[in-house]
Amino acid sequence: MTDNFRLLASDFRVRAEDIFARAERVRDADIREKMRGIAVGYEKMAQRVEQHARDVDAVYRGSYAARCRRGAVNPIPRWLGTWRHFRRFVQLRATSPGSDA
């Protein structure tokens, strides 16, 4: 989703650069200043869209981390972990000095 915002921001920047380039070729000073103002507006929109994309990323990362913490799953199921401890206990008991086995 944020890729779309970044693509839009780059499109605004391309438009701003194009308008700046066209403004340099215009002879009328009043029109040149208006075109530069439009280009600056496109640049500001690009900055706002990029900031929005960063905000969306931050919110998503925060909510994703919260979902991971809330629904965290133990990589070792409880019964398997218990079985491993029991098996280790049996091995230790079998190899300990004075054991019957």
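As a basis for the values below, the full set of heavy atoms in this structure was taken, side chains included, without hydrogen atoms, waters or symmetry mates.
- Heavy-atom minimum distance, Val56 versus Phe5: CG2-CE1, 4.3 Å.
- For the atom pair Leu7 CG and Asp3 CG, the distance stands at 8.5 Å (nearest 0.5 Å).
- The side-chain heavy atoms of Arg13 and Glu50, taken from C-beta on, include a pair separated by under 4.5 Å.
- Within the structure, ring-ring contact (aromatic ring centres under 6.0 Å, His included) contacts touching residues 12-37 (residues at least two apart or in different chains) are Phe12-Tyr42.
- When all heavy atoms of Ala46 and Ala9 are compared, the closest pair comes out as CB-O, 3.5 Å.
- A donor and an acceptor atom, one from each side chain of Gln51 and Arg54, are located under 3.5 Å apart.
- With rounding to the nearest 0.5 angstrom, the NE2 atom of His52 is 10.5 Å from the CG atom of Leu8.
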Distance-only criterion, 3.5 Å: show the donor-acceptor pairs between side-chain atoms of residues 23-31 and protein atoms not counting sequence neighbours.
{"unit_1": "Glu24", "atom_1": "OE2", "unit_2": "Arg36", "atom_2": "NE", "d": "3.4"}
{"unit_1": "Glu24", "atom_1": "OE2", "unit_2": "Arg36", "atom_2": "NH2", "d": "2.9"}
{"unit_1": "Asp28", "atom_1": "OD1", "unit_2": "Asp30", "atom_2": "N", "d": "3.4"}

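- The CZ atom of Arg15 sits 9.5 Å away from atom CG of Asp18, with the distance rounded to the nearest 0.5 Å.
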